[in-house]
Amino acid sequence: MVGNELTYIADAVKRGGTAGNGYYTKCCHRFFEERYGFKKVLLTSSCTDALEMAAILLNIKAGDEVIVPSYTFVSSANAFVLRGASIVFADSNKSNPNMDTELLRALITPRTKAIVVVHYAGMACDMDAIMSLAKEFNLYVVEDAAQAIDAYFTDRPLGGIGHLGCFSFHESKNISCGEGGMLVINDEKFIERAEIIWEKGTNRASFCRGELGEYNWVDIGSSFLLSDIQAAFLYGQLEKLDEVQTRRYQIWQHYRQNLILPENVFPSIPVYAAHNAHLFYLVCASQHERDALSAFLNQKGIEALTHYLPLHKSPFYKHQHDGRLLSNALHYTKTLLRIPLCYALDTVQQNYIINKINEFYHELPNKFEAPKKRIAI
Ligand SMILES: *Cc1c(COP(=O)(O)O)cnc(C)c1O
């Protein structure tokens, strides 16, 4: 809760329009279209749904190949597998968990249909390289910008560069409404059909604008809309976006400046990436060190979490993977640790965390008392 979330929920109920595509949905749509210049956006009930809409819009079918990083959340791949695609997993960079664009060209075959890029921790992938490769081979680019609200590639907002972009408003993201998401349609040719897929395969959105006398079943689709009750909550959060982002960035910088660690343990940020302080992670020297640090922090009442297991080694997909090792993805699975970063984290808590991490590495004496409550991510 950072602003008017509950007031807006009560208002949504009073207005009587609690289903999808209501008053607050339109407020949220306008917010994104005005603030970031996105051509067209549609709130969905999750980023997973937005990715599934993307797969339908791109007509992904059996036999198509889609390139997806291995070090990501399952939905980045699963949305395309649902349509019958084969996933060709890409490795991470050596210097950060994003996909290694230099290896992409070698993964493209005549069957490749799309590249799904994931901006890990809200840090931009090399979108110039990816978009020019996509142009050369006539491929679509879907940005999984689940973690990337208000983050930029040079001066361009993430989610607004590929043909389609997908955001998440899950509880774990910078801005949330419990569960929620959004599809951004940057390529105009997809706009009309996106609305139809969004509304269960009907042209209801067009009907609601008064463009049709009745609405009918015209395509495939599903119930991808977000309830206006959740959109009301989301709008309350969006109004406070700058405040949330300023505070998160402060926390991020405070870690960066006060943790006494070798340079290569910190996130490595490419020059073109203006990140959004979605999370703060450390890359430990070994799995042993990471596990020891994690156990140490958890024992001190500080939640510290690893992140993704590599999808190419998952029980569901390992037998379909082509056998490439993808050693950088494995490296992040073994060595990456996330430490608490949320809007509500106060400076006393953060200084305690900093002290404990410095103590782990340097056995520095602890200056701060432990907070009474466990500090969550
Ligand atoms: C959170 C996340 C998702 C899933 O978002 P939902 O809104 O929970 O469906 C997908 N991809 C990435 C990279 C994520 O971080």
Side-chain angles (χ1 to χ4, degrees), residues 20 25 28 32 41-56 66-82 87 89-93 96-99 114-125 127 130 141-151 153 158-159 161-162 164-184 198 222-227 230-231 233-234 237-238 248 267 273 275-281 305-312 314 316-317 329 332-333 336 338 341-342 377:
T25 296
C28 294
F32 282 101
V41 304
L42 295 170
L43 290 190
T44 56
S45 45
S46 63
C47 180
T48 302
D49 266 1
L51 288 160
E52 288 177 20
M53 283 183 70
I56 296 173
V66 177
I67 299 172
V68 182
S70 176
Y71 194 78
T72 182
F73 189 66
V74 57
S75 300
S76 321
N78 188 64
F80 298 86
V81 171
L82 268 176
I87 304 299
F89 283 110
D91 202 3
S92 297
N93 287 306
N96 69 42
N98 284 343
M99 64 169 32
I115 303 172
V116 179
V117 304
V118 179
H119 306 295
Y120 183 76
M123 290 186 201
C125 293
M127 291 308 291
I130 291 163
V141 173
V142 178
E143 292 179 79
D144 179 341
Q147 305 176 11
I149 187 172
D150 209 45
F153 172 79
L158 299 186
I161 304 169
L164 299 164
C166 303
F167 285 90
S168 174
F169 306 117
H170 182 266
E171 183 183 24
S172 57
K173 310 301 198 244
N174 290 24
I175 291 292
S176 102
C177 57
E179 301 272 359
M182 183 173 75
L183 179 70
V184 184
W198 188 52
S222 191
S223 183
F224 289 119
L225 299 91
L226 187 73
S227 156
Q230 282 174 289
F233 190 97
L234 183 64
Q237 292 248 314
L238 289 174
R248 292 188 77 102
H275 72 86
N276 62 355
H278 173 57
L279 47 91
F280 199 97
Y281 64 87
L305 299 175
T306 62
H307 216 173
Y308 300 123
L309 297 173
L311 294 179
H312 72 287
S314 63
F316 181 68
Y317 218 82
Y332 290 109
T333 294
L336 187 144
R338 293 174 289 158
L341 197 177
C342 61
I377 274 272

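Both ligands and their constituent atoms are indexed starting at 1 by order of listing.
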Rounded to the nearest 0.5 Å, what separates atom CG in L311 from atom OH in Y317? 10.5 Å
For the OG atom of S168 and the CD1 atom of I175, what is their distance to the nearest 0.5 Å? 12.0 Å
Quick check: closest heavy atoms across L183 and M53, and the distance to 0.1 Å? CD2-CE, 3.8 Å
If every non-hydrogen atom of M127 is compared with every non-hydrogen atom of V141, which pair is closest and at what distance? CE-CG1, 4.1 Å
Under 4.0 Å from one or more heavy atoms of G180, ligand 1 contributes atoms 7 (O)
Atoms in ligand 1 flagged as close to V118, the criterion being non-hydrogen separation under 4.0 Å: 13 (C)
For [atom], grab the closest protein heavy atom and report residue, atom and distance to one decimal in Å.
| atom | value |
| --- | --- |
| atom 9 (O) of ligand 1 | T48 OG1, 2.5 Å |
| atom 11 (N) of ligand 1 | D144 OD2, 2.8 Å |
| atom 14 (C) of ligand 1 | A146 CB, 3.3 Å |
| atom 15 (O) of ligand 1 | Q147 NE2, 2.8 Å |

K173 to ligand 1, any heavy atom closer than 4.0 Å: yes
Could you establish whether Y308 and ligand 1 come within less than 4.0 Å of each other, counting only heavy atoms on the residue side? yes
If you measure from atom 8 (O) of ligand 1 to every heavy atom of M182, H278, H170, which option wins on shortest distance? H170
Beyond-backbone contact of L336 with Y308, side-chain heavy atoms, under 4.5 angstrom: no
Aromatic centroids of Y332 and Y120 separated by under 6.0 Å: no
Should S168 be counted as touching ligand 1, given the test is an N or O pair under 3.5 Å? yes
Parallel, tilted or perpendicular: which one describes the rings of Y71 and H307, with boundaries at 30° and 60°? perpendicular
